[in-house]
Amino acid sequence: MPIETLDDLAVQGTTLGVRIDINSPLTDDGDLADDARLRAHLDTLSELLERDGRVAVLAHQGRPGGDQFRNLRPHADRLDELLDAPVEYSDATFSADARRAVENLGDGEAVVLENTRFYSEEYMQFPPERAGTTELVDGLVPVLDAFVNDAFAAAHRSQPSIVGFPTRIPSYAGRVMERELDVLGDIESTPEPRTYVVGGAKVPDSMAVVESVLERGLADDVLTTGVVGNVFLLADGTDLGDASADFVYEQGYWDEIDRAADLLEEYGDRIRLPVDVAVERDGERHELPVDSLAPREGEAAMDVGTETIDTYAGVVRDSGTVVLNGPAGVFEDETFARGTRELFETATAADYSIVGGGDTAAAIRKFGIDGFDHVSTGGGAALNMLTGEDLPAVEALRD
Ligand SMILES: Nc1ncnc2c1ncn2[C@@H]1O[C@H](COP(=O)(O)OP(=O)(O)OP(=O)(O)O)[C@@H](O)[C@H]1O
Ligand SMILES: O=C(O)[C@H](O)COP(=O)(O)O
């Protein structure tokens, strides 16, 4: 069944729950360190507001327990600055207070409801029918006429605010969702050879993708960087030192090392591992080859090294398609930004380049890199889609 879009929605005077993904890097004070994801949704939000909709924004920030798990006040304030319409913030998500905030909206006005993940069920995965009976959905449905899902970046999560509403009220894809599905749905026709550069810190997500693109023959080469690269190195028997290993264990990624080992056994010829890494020594960047690593206490692998960057850059340059997700190192710190900056810059030289991910997009903006064919708002979602897997959000809109 085709998905309905904003072209199919009579917006004027209707109250809309609009799920967007503005999960963004924050400063230590909880302010936005980058607003790229907010800007990505401006088309959808301004269209709905200009068409005199009443917009109740639903979104999440961070993961429970993490240091990025904060309220959405800065996001609401920033949207208020970016949009040509009043945007309020409500510190409630689906309570009577939240409903009141939604009911008080006038035509062409918006309210950002509180971080959906402050509510525990939102961080669980449910089949849509069950998601449709959760407190969050149940609480908001009485004050909404329709639901718009523009949160492509969270489309791989079968969570209440993503898949619940379409079981209860008419639902539509927003402009971001529509564009991403168009571009990413067409990966099998992109030029070969295809190289996937995976990095960042969400190891289980990346591992699932690596497995799938190799299994399905979509990837000719997988270049591993970031924490993902560290996990592959550990799986390969490299002694990365206690600091890197502890980081992996603390994130609960122990099982991922076994998974990486299985992948190396089966597809070792198509998976490339860093040959050197960068640590901080005496306050400076210090590179260590992995075959003679001697990290000292407290020295973690924070970036890929120069030789790795050069080798990977060669593979990337010769690729027909490059799909890039996740920074190659702790790019927020200039000392460890080199791998990310140089690999990303090189990727723009491939015939066709797609890049995705929240922090990835932030890195691109930080380094001012232009020239990607498609910058996806999604990290895990984009990768899931590129592997040909169904996205729960899309299936929910279709049903
Ligand atoms: N070697 C490393 N050690 C520690 N952290 C790292 C390392 N390499 C990258 N990172 C961190 O990974 C984080 C980004 O990872 P993440 O997987 O969230 O990427 P993303 O582009 O946001 O993708 P998604 O949208 O799926 O979340 C950055 O904050 C960066 O500092
Ligand atoms: O940043 C993302 O990839 C999306 O906002 C989804 O976040 P999650 O991986 O914490 O579900």
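Read the numbers this way: they start at 1 and go in the same order the structure lists the ligands and their atoms. For this chain, numbers begin at 1 and follow the sequence in order.
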Original post:
With atoms numbered from 1 as shown, which atoms in ligand 1 lie under 4.0 angstrom from a non-hydrogen atom of Gly200?
Top reply: 12 (O), 15 (O), 17 (O)
Subject >> Listed partners of Glu284 passing salt bridge (Lys or Arg N to Asp or Glu O under 4.0 Å), at least two apart >> reply: none
Subject >> Nearest-contact summary for atom 7 (C) of ligand 1 - protein heavy atom, Å >> reply: Val227 CG2, 3.6 Å
**OP:** Among Phe147, Tyr172, Phe94, find the residue that satisfies the ring-ring contact (aromatic ring centres under 6.0 Å, His included) test when tested with Phe165.
**Re:** Phe147
Original post:
What atoms of ligand 1 come within less than 4.0 Å of a heavy atom belonging to Glu332?
Top reply: 28 (C), 29 (O), 30 (C), 31 (O)
**OP:** Indicate, as side chain, backbone, both or neither, the part of Asn230 found under 4.0 angstrom from ligand 1 when only non-hydrogen atoms are considered.
**Re:** side chain
Original post:
Checking Arg341 against Phe367: charged group under 6.0 Å from the ring centre and within 45 degrees of the axis?
Top reply: yes
Original post:
Under 4.0 angstrom from ligand 1, any heavy atom of Arg37?
Top reply: yes
Original post:
Hey, does Gly378 come in under 3.5 Å of ligand 1, counting only N/O atoms on both sides?
Top reply: no
Subject >> Partner residues of Arg216 under the salt bridge (Lys or Arg N to Asp or Glu O under 4.0 Å) criterion, sequence neighbours left out >> reply: Glu188
**OP:** Compile the protein residues with any heavy atom at a distance under 4.0 Å from an atom of ligand 2; present them by chain, then by number.
**Re:** Asp21, Asn23, Arg37, His60, Arg63, Arg117, Ala153, Arg157, Lys202
Subject >> Atom indices of ligand 1, in the order listed, that fall short of 4.0 Å to a heavy atom of Gly379 >> reply: 24 (P), 25 (O), 26 (O)
Original post:
Salt bridge between Glu395 and Arg398, side-chain N to carboxylate O under 4.0 Å?
Top reply: yes
Original post:
Considering only the protein, which heavy-atom contact is closest to atom 11 (C) of ligand 1, and what is its distance?
Top reply: Ala201 CB, 4.2 Å
Subject >> Steps toward side chain to side chain contact (heavy atoms under 4.5 Å, CB included) verdict (Glu109, Val87) >> reply: CA-CA 6 Å; Glu109 292 178 0; Val87 180; over 6 Å; no
**OP:** May I ask whether Asp205 has any heavy atom positioned less than 4.0 angstrom from an atom of ligand 1?
**Re:** no
**OP:** With heavy atoms under 4.0 Å as the rule, classify the contact between Ala301 and ligand 1 as side chain, backbone, both or neither.
**Re:** backbone
**OP:** Look only at interatomic distance and state if Gly380 has a nitrogen or oxygen under 3.5 Å from any nitrogen or oxygen of ligand 1.
**Re:** yes
Original post:
Who's the nearest protein heavy-atom neighbour of atom 21 (O) of ligand 1, and how far?
Top reply: Thr360 OG1, 2.4 Å
**OP:** Would you please name every residue forming a salt bridge (Lys or Arg N to Asp or Glu O under 4.0 Å) with Glu81, sequence neighbours left out?
**Re:** Arg78
Subject >> Closest approach of Phe336 to Val330 (non-hydrogen atoms, all atoms of both residues) >> reply: CB-O, 3.5 Å
Subject >> Under 4.0 Å to a heavy atom of Gly226 - the qualifying atoms of ligand 1, by number >> reply: 1 (N), 8 (N)
**OP:** Show your working on side-chain hydrogen bond (donor to acceptor under 3.5 Å, both in side chains) between Ser24 and Gln61 and close with a plain yes or no.
**Re:** CA-CA 7 Å; Ser24 304; Gln61 171 62 50; 4.6 Å; no
**OP:** For atom 22 (O) of ligand 1, find the nearest protein heavy atom and state the residue, atom name and distance (0.1 Å precision).
**Re:** Asp359 N, 2.7 Å
Original post:
Roughly how far apart are Tyr196 OH and Asp221 CG, rounded to 0.5 Å?
Top reply: 12.0 Å
Original post:
In terms of residue, atom name and distance, what is the protein heavy atom nearest to atom 24 (P) of ligand 1?
Top reply: Lys202 NZ, 3.8 Å
**OP:** Please test Arg19 against His60 for side-chain hydrogen bond (donor to acceptor under 3.5 Å, both in side chains), starting from the C-alpha separation and ending with a verdict.
**Re:** CA-CA 9 Å; Arg19 178 60 159 104; His60 72 276; 3.0 Å; yes
Original post:
Quick one: does ligand 1 sit under 4.0 Å from the side chain of Met302, the backbone, both or neither, non-hydrogen atoms only?
Top reply: backbone
Original post:
Shortest non-hydrogen contact from Leu343 to Ala313?
Top reply: CD2-N, 4.0 Å
Original post:
Between Arg73 and Asp91, is there a salt bridge with N-O shorter than 4.0 Å?
Top reply: no
**OP:** Write down the atom of Arg338, the atom of Asp303, and the distance for their closest heavy-atom approach.
**Re:** N-OD2, 3.6 Å
Original post:
If hydrogens are left out, which of Pro274, Gly357, Gly329 has an atom nearest to atom 10 (N) of ligand 1, that is, the closest non-hydrogen atom?
Top reply: Gly329
Original post:
For atom 25 (O) of ligand 1, what is the nearest protein heavy atom, given as residue, atom name and distance?
Top reply: Gly358 N, 2.8 Å
**OP:** Could you tell me the residue and atom name of the protein heavy atom closest to atom 19 (O) of ligand 1, and the distance to it rounded to 0.1 Å?
**Re:** Pro327 CD, 3.7 Å
Original post:
Which heavy-atom pair separates Leu113 from Thr93 by the least distance, and what is that distance?
Top reply: CD1-O, 3.6 Å
